[in-house]
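Take a look at the structure below.
What's counted below: heavy atoms across the whole structure, side chains too, no hydrogens, waters or symmetry copies.
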Amino acid sequence: GEWGAVEAALKQYVADNKVQAFQIASTLRQFTQVWDVEAIDSRGRALADILRARLLQVSGGEVTLDPAALQRARERPEPSDGQLEAVLGAFGAKTFRWWKTGLERASAVCVIRSKMGERVGTGWLVRAASLKREPADELLVLTNFHVINEHGASPGLMPDAAELVFEAADSGRVFTVREIVWSSPPERHDATLLRLAEPVAGIEPLPLAKALPLVDDTAHVYVLGHPGGRDLAFSLQDNALLDHEGPPAGAPAIDGVCRVHYRAPTEGGSSGSPVFNATLWEVIALHHKGGKIGMPRLNGKAGSYGANEGIGLQSIASAMAV
């Protein structure tokens with residue numbers, strides 16, 4: 001019950017600039033799976049969330065939460081500023097609120113599955129106006145063409161064979177597709193915009209970034225999806241932004257398509273996931289394919305690397321407006 005001593009020790013540990021993701025993840029498992037501190041006391045629940053928040057900011061970290069755990073974490077009251085400062089120092093409150101913003105964003109991410117129950121991809125809620133569509137306030141779902149398309153090609157589902165569940169918001173509510181509003185094949189934007197049979201209420205759509213981040217040694221991205229068809233996960237292992245074809249130095253190889261390369265690890269089931277910037281949890285790209293060794297570098301650069309690829313959202317929005 002000596003929470004003050006625990007917080008003081010954790011401050012020295014997790015706030016150290018040499019701490020590694022494996023170490024924080026191990027401590028988090030000890031606290032939650034062995035000691036179950038979240039069931040002991042509200043300060044214990046706060047410590048677990050503080051560890052998760054810090055893990056998300058360390059290169060190589062990953063946080064996976066099942067829908068029920070994500071809902072509980074989102075609904076928990078925020079720790080006091082004193083506790084946040086005791087563990088994470090002067091930036092404790094900022095870090096924790098950043099983490100809570102990510103949890104809120106997760107509500108708008110859905111699993112896409114066949115009506116037989118097979119999980120095939122991820123989608124997410126977006127306001128029509130963000131993609132230059134009308135009516136402006138309509139809420140639509142964006143995913144990959146190779147997840148849902150008119151003929152079930154590539155090897156996606158046809159609209160009437162698909163169902164969507166926003167598990168972080170309500171795992172018991174199933175949505176079906178009314179129609180495809182717009183689509184672009186895999187060799188271009190690999191995107192499908194869906195209108196659902198029933199409107200979605202009570203979930204905030206994801207905000208889109210107005211521009212791609214500058215590419216430098218500190219630039220990172222975050223992927224939210226259903227990797228391998230499992231529970232919703234924040235993907236953050238080695239999540240460096242490698243390059244993109246946007247301004248100021250981008251030179252798109254495919255006219256009207258802006259590709260983004262990053263090193264966040266993804267699996268099947270992550271197709272269609274939103275890719276977020278590191279500052280405001282705004283969507284910069286639609287995850288398109290991942291885990292490719294020998295991916296040719298962008299912008300005419302020689303050589304290849306292991307990278308994942310997304311399609312920049314602003315290039316998708318521009319294509320829809322044509």
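Judged purely by atom type and a 3.5 angstrom limit, Asn144 has no side-chain atom pairing as donor or acceptor with the backbone of Val147. Distance alone, capped at 3.5 Å, places no donor-acceptor pair between the Arg195 side chain and the Val141 backbone. Panel note: side chain Gln314, backbone Ala209; a donor-acceptor pair is recorded below 3.5 Å. Looking only at distances, no side-chain donor or acceptor of Glu150 sits under 3.5 Å from a matching main-chain atom of Met158. In terms of modelled atom types and a separation under 3.5 Å, the side chain of Ser184 and the main chain of His189 share a donor-acceptor contact. One N or O on the side chain of Gln23 and one on the backbone of Gln20 form a donor-acceptor pair closer than 3.5 Å. Looking at Arg54, its side chain does come within 3.5 Å of a backbone N or O of Val14 through a donor-acceptor pair. At least one donor-acceptor pair under 3.5 Å links the side chain of Asp216 to the backbone N or O of Thr218. A donor-acceptor distance shorter than 3.5 angstrom exists from the side chain of Arg74 to the backbone of Ala168, with no hydrogens or angles considered. With hydrogens and angles ignored, the 3.5 Å screen pairs a side-chain donor or acceptor of Glu134 with a backbone N or O of Ala136.
The closest side-chain heavy-atom distance from Leu70 to Leu103 is below 4.5 Å. In this structure the side chain of Trp182 reaches within 4.5 angstrom of the side chain of Ile316, judged on heavy atoms. Counting heavy atoms from C-beta outward, Leu196 and Leu139 have side chains that stay 4.5 Å or more apart. Counting only heavy atoms from C-beta outward, the side chains of Leu125 and Phe166 approach each other to under 4.5 Å. The shortest side-chain heavy-atom distance between Leu194 and Thr143 falls under the 4.5 Å cut-off. With a 4.5 Å cut-off on side-chain heavy atoms, Leu193 and Val126 count as touching. Within the 4.5 Å cutoff, the side chain of Leu88 has no heavy atoms near those of the Lys11 side chain. Glu204 has its side chain out of reach of Glu104: every pair of non-hydrogen atoms, C-beta onward, lies at least 4.5 Å apart.
Rounded to the nearest 0.5 Å, atoms CG (Asp243) and CE (Met295) are 12.0 Å apart. In this structure, Phe22 CZ and Leu55 CG are separated by 12.0 Å, a value rounded to the nearest 0.5 Å. Of the inter-residue distances, the one linking Leu208 atom CG with Arg127 atom CZ reads 10.5 Å to the nearest 0.5 angstrom. Of the inter-residue distances, the one linking Glu282 atom CD with Leu313 atom CG reads 11.0 Å to the nearest 0.5 angstrom. Between atom OG1 of residue Thr95 and atom NZ of residue Lys100 there is a gap of 14.5 Å, rounded to the nearest 0.5 Å. Separation of atoms CD1 (Ile203) and OG (Ser107) is listed at 6.5 Å; rounding is to 0.5 Å.
With sequence neighbours excluded, no residue forms a side chain to side chain donor-acceptor pair (under 3.5 Å) with Glu118. Shown here are the salt bridge (Lys or Arg N to Asp or Glu O under 4.0 Å) partners of Arg76, two or more places apart in sequence or in another chain: Glu38, Asp49. Evaluation of the salt bridge (Lys or Arg N to Asp or Glu O under 4.0 Å) rule for Arg97 yields Glu78, Asp81 as partners, not counting sequence neighbours.
The neighbour count for Glu187 CD, taken as heavy atoms of other residues, nucleotides or ligands under 6.0 Å away, is above 12. The number of heavy atoms from other shown groups lying within 6.0 Å of CD1 (Ile254) is above 12. Crowding of Gln30 atom CD: a count of heavy atoms from other residues, nucleotides or ligands under 6.0 Å exceeding 12.
If you chain together hydrophobic residues whose side chains sit under 4.5 Å apart, Leu214 and Leu242 never meet in one group.
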Could you walk me through whether Glu198 and Arg178 pass the salt bridge (charged side-chain N to carboxylate O under 4.0 Å, His left out) check?
-> CA-CA 8 Å; Glu198 299 177 58; Arg178 177 184 297 175; over 6 Å; no
Salt bridge (charged side-chain N to carboxylate O under 4.0 Å, His left out) between Glu167 and Arg119, worked out = CA-CA 13 Å; Glu167 292 186 322; Arg119 296 179 175 222; 2.6 Å; yes
Quick one: do Ser271 and His287 satisfy side-chain hydrogen bond (donor to acceptor under 3.5 Å, both in side chains)? Show the steps, please.
-> CA-CA 6 Å; Ser271 294; His287 179 69; 5.5 Å; no
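The only member of Leu224, Leu140, Leu206 that meets side-chain contact (heavy atoms from CB on, under 4.5 Å) when paired with Trp124 is Leu206.
Side-chain contact check for Tyr305 and His261: at least one donor-acceptor pair (N or O, by modelled atom type) lies under 3.5 Å.
Within the 6.0 Å centre-distance limit, the rings of Trp98 and Tyr222 are counted as a close aromatic pair.
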